[in-house]
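Numbering of residues begins at 1 and proceeds along the displayed sequence.
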Amino acid sequence: MNYFRWVEKKTGQVHNGGAYDALLMVMARNKGFGDMEQILEEMSLAGLARDGRVDAALSLLDEMKNKSFTADIVLYNVCIDCFGKVGKVDIAWKFFHEIKTQGLVPDDVTYTSMIGVLWKANRCNEAVDLFEQMEVNRKVPCAYAYNTMIMGYGSAGKFDEAYRLLERQKEKGVIPSVIAYNSILTCLRKKENLNEALRIFEEMKTDAKPNLQTYNIVVDMLCSAGRVEAVYKLLDAMEGAKLFPNVITVNIMIDRLCKAQKLTEACHIFKSLREKHITQNDFTYCSLIEGLGRHSKVDEAYDLFEEMIDAGHNPNVVVYTSLIRNFFKCGRKEDAHKVYKEMTRRGCPPDLTLLNTYMDCVFKVGETERGRALFEEIKSRGFTPDVQSYSILIHGLVKSGFARETYEKFYAMKEQGLVLDTRAYNAVIDGFCKSGKVNKAYQLLEEMKAKGHPPTVVTYGSVVDGLAKIDRLDEAYMLFEEAKSRGVELNVVVYSSIIDGFGKAGRVDEAYLVMEELMQKGLTPNIYTWNCLLDALVKAEEVTEALVIFQQMKDWKCPPNNVTYSILINGLCKIRKFNKAFVFWQEMQKKGIKPNLITYTTMISGLAKVGNVSEAYALFEKFKLKGGVPDSACYNAIIEGLSNVGKAMDAYVIFEETRLKGCNINTKSCVVLLDALQKAECLQQAAIVDNMLGRHEIQENMNLFASGQKYRVNWDGPHKEDKERVLVLAASNRELDLVEAVKGGFREEDKKTYALILLNQPLPKFTPLLWNHAKLCLCADGGANRVFDEMPLLLPQQDPLLVRNRYKPDVIKGDMDSIRTKVKDFYANLGSQIVDESQDQDTTDLHKCISFIQDATPNVDKSDLCILVAGALGGRFDHEIGNINVLCKFSDIRIVLISDDCLIQLLPRTHRHEINILSSVEGPHCGLIPIATASAKATTSGLQWDLDDTEMKFGGLISTSNIVREEKITVQSDSDLLWTISIQIPT
């Protein structure tokens, strides 16, 4: 013991837990129990029991009992207090009950200590019972016990009970102490009941003299309420009571005034600190820096930050967090980044709150990659990302267009064991909806409700919008009604989603009803809402009604934007009211609204169709001069317009420009231009156009044009159905002249060799007609969901149920982890074969389907078998790579991966390949990519940049962005290559 005390004096420091632990062990071995009470009390005050010394103390007490050491009431009181303070309530209770068994009587300290321990552990009822037990047959109440009870009620927010106890104390003749009154005032502060607090404050003056803590509590409440004059009066009263504000008082005033929007007063108090010789601390600076920042006075906040450093204070992470957040809020992101660098330079390590705040800010200003980097920095600094970190990351990625990453991040959260809060659920649900995983979002919505998180307007808005966008309108509307029945205040965004969904599905009357409900609710439609309704009316060819709504929109003081005018101009052009459309065009120009690509294209096409070719051409040139990039529709409209008025060479110049830009020229434009060029005797140019069409004799072209007016339609091919036949032939590399395809159609013997597989990605828009040419149609697991949901959307003029019945897959095969039960049951009832291979997790669903086709077509020569795979491209990159891997696994079968934009197939090294190009539907962009191994020698012909025994490998040269120049391409290589070519078919 002497050495223990000598070390304390020499070092000037309190011993740590290890030293106390060693001392307790020495005492136990040598039966030195005399100083035990003092040592335990010291440990309790120092909080050393938190360092794991409880077991050592309990061992010492057991040793004392074994040695017949008789404990007195003081030792028991010390043990109750010591173990209670470190949260060992049951041990403290054990000591309390042991007192009576040892023949001792609990005194006031025993009861008060135990009552305090119970209140601290939120065991309120036990504390009240013990207090009442103490009061039985007691003539003189214990003031300390009353204070402890009042403090307990106050900390629990039970003002009425606390005040009743105070009155009871008075009735028993005991004057309440300032501690009791302060406890009641603290309770009222939590309840924000200022008037009652002021009444109690005046009342207490007759019983107890208010101390500095009392005044600080009242100052806090007055400042929070913004009652500055009352605060100054109270400060005068403090001085009259010989009490003076300390730094805590000032900090409270500055912090609460800033939060109450009284920034001027807060600054005034801060400046007056020097006059009153009160030193500012870190909290003082931090409160005012945050207040200035919140009011967009970031320069003043930064000046104060520099003053803080000059005054010898080290800004903490809270100050840096405030500066970073408020610089971003004021649009000064570069200054925010400088603050973060300054913090790092000064050696102040960021905490998780700062990193989360910083990440949130950078995502909001569109710095996606920096946001990703910050998420990785959280982990590299040794922090574990919390639910807020993931919520910010997912929300930021969704807003930046990376919604497809939601799935991966969501499961990372799950694996980490994080419990989602409402914000996290909303972020994940929104990400799933925007990435097309609406069913998963719906499941999460149900999970959210089951786990006691009430969905908010954001939650419902995301799912309603997701369902509406995939034409599951009835489900969207049911959810919309559910939200209202739950009392969720729906905003104009949710109403707009429903209106847009009904409008796109042609259910205009229902869209109208929702619009009326929106207005009756007192909500104001925004520009998006009006545009949704206008678009619905135009698509339903109710253009007159759309013009009425347009006027109503202006009456509601909602100015139209370029989308509004585009919708109306497009609608008027559809019903051939081109002059009226031009009036809206001029109105748009006068208002200074910049037309978008669709507006220009629609207006140019409209003017060209009514013969105003000069105006159309002038508009076309103006569009390009302003930096606009015309699309295929725009170029085709000008080519046709100029050709129709006999300006064949002008049309030909545009034709060449279109080809140079890589835009698609449709068949109708080519035929009309060819006619004009022939009439103008421009035979050289006519031959080039003829070559583009795939026809070899000008006379045959003219005959086809004269006799086949039915083929002169507005798309990239002679006839919609025949267009798809040509596409199928192009995909399988079948050599066929375009005219022959139109005249002869699709041979039955060709059709027998096709199989179609549909994967769980958005279906190409030509899927229905590909389906018609397939002998066998398979859905790979969730691909059945796509067929069920999207086929009716691809055929909007037909009854959805009839479409689903007609386009019934022959087989649905896979591990069945994606297909919805409803969809599986629907097709099973129609007779589709369901093949569950969930036991096989080593192959992809596409691999399983191709194996099935092989088994199902034993009599078909593999050279005649072609498998088209729709939905194989787009979506997750690892899925695309998996699909390409399947091409390599089945290299002896012609498998074509196809999307709206391009197709991919394998060219095995075992063959010299001749690829027949059907330029009406594919090209000109193409590519050759070595797969599995590098290609030492690759040779091609027919491309703009041909290869001549050229080496290709990743990290070196690969032939991407090449251009098809001839109708037949040859390829030979010493390694397998992927051939990819663009598809020109418009929607």
So N785 and F788, side-chain contact (heavy atoms from CB on, under 4.5 Å) or not? Walk me through it.
CA-CA 5 Å; N785 296 337; F788 185 90; 5.7 Å; no

With respect to S669, which candidate in N664, N636, T658 satisfies the side-chain hydrogen bond (donor to acceptor under 3.5 Å, both in side chains) definition?
N636

Give the C-alpha distance, both sets of side-chain angles, the deciding distance and a yes or no for side-chain contact (heavy atoms from CB on, under 4.5 Å) between I850 and I757.
CA-CA 8 Å; I850 291 175; I757 300 175; 3.7 Å; yes

Residue pair E656 / Y652, side-chain donor-acceptor N/O under 3.5 Å
yes

Hey, are D949 and K937 close enough for a salt bridge, meaning a charged N less than 4.0 Å from a carboxylate O?
no

Any side-chain donor-acceptor pair under 3.5 Å between D946 and T940?
yes

Establish, yes or no, whether a centroid distance under 6.0 Å links the rings of F410 and F432.
yes

Do I895 and L906 have side chains that approach each other closer than 4.5 Å (heavy atoms only, starting at C-beta)?
no

Working for salt bridge (charged side-chain N to carboxylate O under 4.0 Å, His left out), residues E377 and K379:
CA-CA 5 Å; E377 185 176 337; K379 293 186 281 187; over 6 Å; no

At what distance, to the nearest 0.5 angstrom, does CG of D781 lie from CG of D845?
4.5 Å

Can you find a heavy atom in the side chain of P908 that is under 4.5 Å from one in the side chain of H913?
yes

R909 and D974, any side-chain heavy atoms less than 4.5 Å apart
no

E405 and R372: CA distance, side-chain angles, deciding distance, salt bridge (charged side-chain N to carboxylate O under 4.0 Å, His left out) verdict:
CA-CA 12 Å; E405 296 183 33; R372 289 181 193 271; 2.7 Å; yes

Find the distance between CG (L758) and SG (C777) and round it off to the nearest 0.5 Å.
7.0 Å

Taking it one step at a time, do L943 and R965 satisfy side-chain contact (heavy atoms from CB on, under 4.5 Å)?
CA-CA 5 Å; L943 301 178; R965 281 300 178 213; over 6 Å; no

Between E790 and L763 (side chain of the first, backbone of the second, donor and acceptor by atom type, cut-off under 3.5 Å), is there such a pair?
yes

Among side-chain atoms of D948 and T950, is any donor-acceptor pair under 3.5 angstrom?
no

One pair to check against side-chain contact (heavy atoms from CB on, under 4.5 Å): L928 and N962. What are the steps and the verdict?
CA-CA 8 Å; L928 285 164; N962 214 324; over 6 Å; no

With the threshold set at 4.0 Å, does a side-chain nitrogen-carboxylate oxygen contact exist between K813 and E837?
yes

Once rounded to the nearest 0.5 Å, what's the spacing between atom CD1 of I853 and atom CG of L865?
7.0 Å

Test item: K848 side-chain N/O and T843 main-chain N/O as donor-acceptor pair under 3.5 Å:
yes

Decide if the gap between the ring center of F623 and the ring center of F620 is smaller than 6.0 angstrom.
no

Counting neighbours of NZ on K661 that are heavy atoms of other residues, nucleotides or ligands and sit closer than 6.0 Å, is the number greater than 12?
no

Can you measure from NZ (K889) to OG1 (T844) and round to the nearest 0.5 angstrom?
8.5 Å

For a 4.5 angstrom cut-off between non-hydrogen side-chain atoms, does E657 reach Y635?
yes

Checking Q972 now: which residues fulfil side-chain hydrogen bond (donor to acceptor under 3.5 Å, both in side chains) with it, not counting sequence neighbours?
none

Side chains of C888 and D976: closer than 4.5 Å at any heavy-atom pair?
no

Any side-chain heavy atom of L873 within less than 4.5 Å of one from E880?
yes

Measuring from C866:SG to K775:NZ, what's the distance to the nearest 0.5 Å?
14.0 Å

Could you tell me the separation between the OG1 atom of T970 and the CD1 atom of I915, rounded to the nearest 0.5 Å?
8.5 Å

Beyond-backbone contact of F852 with Q833, side-chain heavy atoms, under 4.5 angstrom:
yes

Can you tell me if E376 has over 12 outside heavy atoms packed within less than 6.0 Å of its CD?
yes

Could you tell me whether the side chain of S941 and the main chain of I969 form a donor-acceptor pair under 3.5 Å?
no

Does atom NZ (K624) have a neighbourhood of more than 12 heavy atoms from anything else shown, all under 6.0 Å?
yes

Heavy-atom distance under 4.5 Å between the side chains of S643 and I639, does that happen here?
yes

